[in-house]
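Encoded as structure tokens, the structure appears first; notes follow it.
In this text the structure is predicted, and so the values were computed from the model without any measurement. Along the sequence shown, residues are numbered consecutively beginning with 1.
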Amino acid sequence: MRARVRGWRWRRNPLRRRSDVVEAWTVLVVAVLLFVVAPLVGVAAGLHAHDKAQTLAATQRAERHQVRATVIGDPPERRTATRDDREHPYRAQVRWTEPGKGARSGWARVTAGTRTGDVVSVWLDTRGRNVAPPPDGVAIWQHTVTIGLCAAGGAAGVVVLGHTVGRRIALRHRLAEWEREWARTGPRWTQPRT
């Protein structure tokens, strides 16, 4: 049976090596980095990404406007409507009327299952080109959480990788230390006694 003694690397002990103390401190530092610093990195990156995404969304809302358009042409490829109509958009020719500019037509992205004569919402930029709608609050939060989780995971990965490299270096030093000790004490143990 093996008895396990907790904290033996921290106590004064004639068998404790310098590498044991270094390893104990390394484990403590790694635990703090993993459980405190990595989540803080994720939160900071997420908040920064949230601010940037909100600024981008506000800029896009200022530059884009939505119009109601009528589909006037058949799409080049017909697709059947699915459970989520936003899943398979296609391009179709549409016509809309803008105040002061009259009737205009162009190609726009419409959802699957849209037919000729259907009324759809189209987003246009300042030059009248069809663009994607600006991101809403849900998209901004999805972006924020994704960036935060990726940053926290990346920080944790760097910490674990650093700890692994540090343990390998410590093992190499420990084996060299044992080799030196054995070179000093080995001859006393291996000499024949007469």
Side-chain angles (χ1 to χ4, degrees), residues 27 29-167:
V27 168
V29 168
V30 166
V32 168
L33 289 174
L34 280 178
F35 297 114
V36 176
V37 175
L40 288 176
V41 166
V43 167
L47 290 175
H48 180 72
H50 184 74
D51 289 343
K52 291 286 187 180
Q54 276 189 325
T55 303
L56 177 67
T59 303
Q60 287 181 355
R61 277 192 294 274
E63 293 174 349
R64 299 174 182 187
H65 62 281
Q66 184 179 17
V67 295
R68 302 293 290 166
T70 305
V71 178
I72 58 172
D74 286 330
E77 176 184 319
R78 274 312 236 187
R79 292 188 179 144
T80 58
T82 60
R83 181 177 41 165
D84 183 12
D85 284 342
R86 294 172 297 161
E87 190 175 336
H88 300 289
Y90 61 86
R91 294 180 63 80
Q93 194 169 16
V94 296
R95 178 179 293 137
W96 67 93
T97 305
E98 288 188 71
K101 295 184 181 178
R104 299 181 65 190
S105 65
W107 290 89
R109 286 184 287 250
V110 295
T111 57
T114 304
R115 303 188 193 301
T116 303
D118 287 351
V119 177
V120 294
S121 295
V122 176
W123 284 87
L124 303 171
D125 63 6
T126 54
R127 292 189 252 172
R129 293 180 304 188
N130 178 245
V131 292
D136 59 353
V138 173
I140 291 172
W141 277 108
Q142 286 174 341
H143 176 73
T144 300
V145 170
T146 301
I147 295 296
L149 287 175
C150 288
V158 167
V159 169
V160 169
L161 180 66
H163 179 63
T164 303
V165 168
R167 285 196 61 148

To the nearest 0.5 Å, tell me how far [X] [atom1] sits from [Y] [atom2].
X	Y	atom1	atom2	result
W123	Q66	CH2	CD	4.5 Å
L33	H163	CG	NE2	11.0 Å
R95	T70	CZ	OG1	8.0 Å

Original post:
Do any N or O atoms from the side chain of N130 and from the backbone of R109 form a donor-acceptor pair under 3.5 angstrom?
Top reply: yes
Subject >> Student check: side-chain heavy atoms of I140 and L56 closer than 4.5 Å >> reply: no
Subject >> Pairs satisfying salt bridge (Lys or Arg N to Asp or Glu O under 4.0 Å), at least one member in residues 157-167, at least two apart >> reply: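 Applying salt bridge (Lys or Arg N to Asp or Glu O under 4.0 Å) to every pair that reaches into residues 157-167, excluding sequence neighbours, yields E23-R167.
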**OP:** Sorted by first residue and then second, give each salt bridge (Lys or Arg N to Asp or Glu O under 4.0 Å) pair with at least one member in residues 123-141; sequence neighbours left out.
**Re:** D125-R129
Review item, side-chain donor-acceptor pairs of residues 41-54, under 3.5 Å, at least two apart:
residue: H50; atom: ND1; partner: T144; partner atom: OG1; Å: 3.1
residue: H50; atom: NE2; partner: Q54; partner atom: NE2; Å: 3.4

Subject >> Contact summary for P134 and R61, nearest pair of heavy atoms >> reply: CG-CG, 3.7 Å
Subject >> Criterion side chain to side chain contact (heavy atoms under 4.5 Å, CB included) on R68 and W96, from CA distance to verdict >> reply: CA-CA 6 Å; R68 302 293 290 166; W96 67 93; over 6 Å; no
Subject >> Identified side chain to side chain contact (heavy atoms under 4.5 Å, CB included) partner of V71 from the options V122, V119, V94 >> reply: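 Of the listed residues V122, V119, V94, the side chain to side chain contact (heavy atoms under 4.5 Å, CB included) partner of V71 is V94.
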